[in-house]
A.B. asks: 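Got a structure here, written out as C-alpha cells. Questions coming.
Hydrogens, waters and symmetry mates play no part in the numbers below; they use all other heavy atoms, side chains included. Just so it is clear: chains get the letters A, B, ... in the order the sequence lines come, proteins before strands, and each one is counted from 1.
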Amino acid sequence: MLNAVIALAVFGFIASLGLAIAARLFAVETDPRAEEIEDALPGANCGACGLPGCSELAKRIAEGKADIDACPVGGESTAREIAGIMGLDFAGGAEKKVAVVHCAGDNTLARKKYYYNGIYDCTSADILFGGDKACSYGCLGLGTCVAACPFDAIEILDQGIAVVDPEKCTGCGKCVQACPKGIISLAPYNRSVHILCSSHDKGGPARKKCKVACIGCQKCVKAAPEGAIDMDNFLAVVNYDEEIPEEVAGECPTGAIRVARPGRKILEEVLEAETEGGKR
Amino acid sequence: MAAGFFGGVHPAYSKEMASGSPIRKMPVPESLVVQLHQNLGAPPEPVIKRGDEVKRGQLIAKAAGFVSANVHSPVSGKVKSIGMYPSPVGSEGEAAAIIPDQQQEWAEGAGDQSDLSDIKKKDIPELIKEAGIVGMGGAAFPTHVKLMPPENKNIDILIINGAECEPFLTADHRLMLENGSEILEGARLFARAIEAEDIVVAIENNKPDAIEKMRELARGTDIRVEGMDVIYPQGAEKQLIFSLTGRKVPAGGLPMDVGALVQNVGTCYAAFQAASRNIPLIERVVTVTGSGVREPGNVLVPIGTRFGDVIDFCGGMREETVKLISGGPMMGVAQYSLEASVTKGTSGILLLGMDEVEQFENRACIRCGRCLEACPMRLNPSALSIFAERIEYDRTEEYNVMDCIECGCCAYVCPSRRPMVHHFRKAKAEIRKKARG
C-alpha cells in the first residue's frame, strides 16, 4: 500500500517536472490584449470582416495588422472599446450600415412567367430562365438571403419578398454576396429614402412586368437635390452620401421609391400606408 | 455488343409516336428569332445590325475565339431588331429577329455544288468552322474544335452516334433512314480530317430498320455498323466509347485523350451539306412529339423558328398540355414560353399531358444508394446532392460534381424524388463562378 502511494507520488512528480519544462520550452507568446479584444467583439463568427472568425480578427488587431474598426458588425461602440484596450484614439468611425433589398415587386405586384416547382432556393431558381418572376432583376423570395444571414435579420413576407429588419441587421454584408440577383446593398442606417427597384428594363416593359417598377421617368432626379439621385441605364439610383427630402418619394408615379424611417422595416411602412389607403 | 458501361436506366422509350412519320420540311415562318449564342463556349459577335437585309446562308454572327461558332441567317429578309429573347437552354440571350421576304435568295456562293473528293484534308476543319457546325446531339460543342486535336493526340476511331437513347426523340432515327448515304459521306469527311482508321456507326437495337438501312449502305466499305444494347444513356459520348472500345475517357478529359472522336449523325449530315453544297448549318430536324401535340412527327425546321410556329405546323397543341420541354424528357429543359426558338442543339420539342407529368415534393435523402447504382459516371449522387443542398460547393467539387454528365439517371431512380440534376447544375454553376473569380 505504502509502496504504491510512494510510487504514484514519484511518477506524479516526474510527470509534473516534464510538464513544467515543456511549458517553458514550447510556450506560445500570446498578446493578452488579443483575448480582451476577442471578448469585446460580438462573437458571432460571421466572417463579415473577411477573416475566419472573431478570434482571428482579435489577433490581427492586437498585432496591428487590422484596423480597430474592422468589425462591421460591432460598429462604433465595439471600435471604441477596442481603442481603449489598444490605447489608441478612436476618431469616430463610419456610420452604421444596414442591408436594403432593392425590390418591392412582391407576388401581388409583379408578374410571374412560370410556375416554379424546383428546389426552394433563389440560386437554384435563377438557373432556370432567371427565376419565375417576369422581371429578370426582381427578388425571387425563396430566402437564400435569409439562410445566409447570421443575425436572423431578414424575413420573407407572405407576399414573397425579402425584407430586412434594420434593428437586427449589422451590415455584415453576407446577404449582399448570397443574393443571386445582386439586388441587396448596404445603405446608411439613418437614410430614409430608398429606391426599391433594380430593373434596368425600359419603362414600358418594366411596367408590364411589375406595378412598382422604376420606369426611368426621372421625376425623382429633378425633385431631389442635385446629385442625390442618378440615372443608371433606365434605373434611378440613390446616392446615399446626400440627404434626400422624403417628399421626393411622392413624386414617383409607380411607387418604386419608398420612405423608411430609421429603425423601421421598409415595407412595414408600405403596408401601413396601404391600410390607410395610401398609394402603392 | 454488350452495354458495357456501369449503371444506366431503362425509361419507357415512347418513340413510336413519331418514329414512323417521315421528315417534313417546314415552310419559312412569318418571323424568326435566331439566337446568336447557340454553341458551347464563347458567344459569337454579331456582324449585322438592325435594318440590314440578309440573304439565306449569310453570316450574321462571327465566332469569337477558337471554341465558338459562326451563325448564319436561315432565311433571306430584313433584320427587325437585335435584342434579348428567350433561349431554350434556360436563359435569355442576344438574338436577331428576322422578317423573311418572298424571294428567299441564297447568299453568294451558297448552294454551289462541289465534289467531296476535291476537298483537301487540311481544309476540312476550316470548312466546318465557316459553316458554323456544332454537335447536334444537344450539347452544341463546336465541331471544328474536335477536328483539330493537338499534335500529340492520335485519333484512330471515329464513332458516328446514332444511338439516340433519349426517350421520345426520333430525329436521328429518321435522318438515318432517309439520308443515310449523306450521313456516311459526312462521316468519311470527318474521318479524313483526323485520319481515323475505323469508322463505326453505333445505333441502339430498338431501331432495327435504321441498323439494316445503314448496314446496307455501308456494305462493301470499311464502315462498320454496330447495334447497341438498349440502355439509357447509351448515346452519351463517354459511355458510347466505353461500350464500343472498352476505353475510359479520364475525368475532365476528352474523347481524343483515348483516341476517339464521336459525331452525331445530324452533325455528319450538316457537314455533308456544308462540303457538297456550301450550305451552312441553317436548319435541323426536330422531333415534335408527346401527347400534347396533335400530329407528332419529325420536321426539318429553319433555325430560329419559334416553338409555337413549329407546334402549329404539327397541327397545334392539345388543351390538356401541361409541360413544354426543349429536348428529351431526361435531359431537356422545361420552357415557359412558346416564343423560345429552335437552335442548333434543339433535338426535340416535347409537349407532355397531365398523365405524362408528375409533380414531386422534394424530400430528404434516405441513403438507399440506388443512385449510386444508376450513375453511369460512377459518382456518388446522394452525397453530392446533400452537399449542394448545404451549400458546400467545395465538397461537391471534391466529389467530382464537374464530371456529372447531367443524364438524370439518379433523379429517375430516386425514391425520394429528389431534384438531383438541379442540385448539380447549381453546384456546377457556382463552382464555375468561383473559378472565374
A.B. asks: Between A:Lys168 and A:Asp152, what is the shortest heavy-atom contact and its length?
C.D. replies: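 So the minimum-distance heavy-atom pair works out to CD-O, 3.3 Å.
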A.B. asks: Would you mind checking chain A against chain B for donor-acceptor pairs under 3.5 Å and listing them?
C.D. replies:
from     : atom 1 : to       : atom 2 : distance (Å)
A:Asp121 : OD2    : B:Lys426 : NZ     : 3.0
A:Ser124 : O      : B:His422 : NE2    : 2.8
A:Phe129 : N      : B:Gly90  : O      : 2.6

A.B. asks: With sequence neighbours left out, what residues match A:Ala256 under side-chain contact (heavy atoms from CB on, under 4.5 Å)?
C.D. replies: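 So A:Ala256 forms a side-chain contact (heavy atoms from CB on, under 4.5 Å) with A:Cys197, A:Cys214, A:Cys252, A:Thr254.
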A.B. asks: Counting only heavy atoms not in B:Met354 (residues, nucleotides, ligands), do more than 12 fall under 6.0 Å from its CE?
C.D. replies: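 For B:Met354, atom CE is not crowded (no more than 12 foreign heavy atoms under 6.0 Å).
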A.B. asks: Please identify each residue that fulfils side-chain contact (heavy atoms from CB on, under 4.5 Å) with B:Ala61, with sequence neighbours left out.
C.D. replies: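 B:Leu36, B:Pro44, B:Val71.
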A.B. asks: List for me each residue that meets side-chain contact (heavy atoms from CB on, under 4.5 Å) alongside A:Val176, sequence neighbours excluded, and say none if there are none.
C.D. replies: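 Checked A:Val176 against side-chain contact (heavy atoms from CB on, under 4.5 Å); matches are A:Ile184, A:Leu186.
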A.B. asks: Can you tell me how far CE of B:Met402 sits from CE of B:Met377, rounded to the nearest 0.5 angstrom?
C.D. replies: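 If we round to the nearest 0.5 Å, B:Met377:CE and B:Met402:CE are 12.5 Å apart.
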A.B. asks: Of the backbone (N, CA, C, O) and the side chain (C-beta and beyond), which part of B:Ala334 lies under 4.5 Å from a heavy atom of chain A, both, or neither?
C.D. replies: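 B:Ala334 touches chain A through backbone heavy atoms alone.
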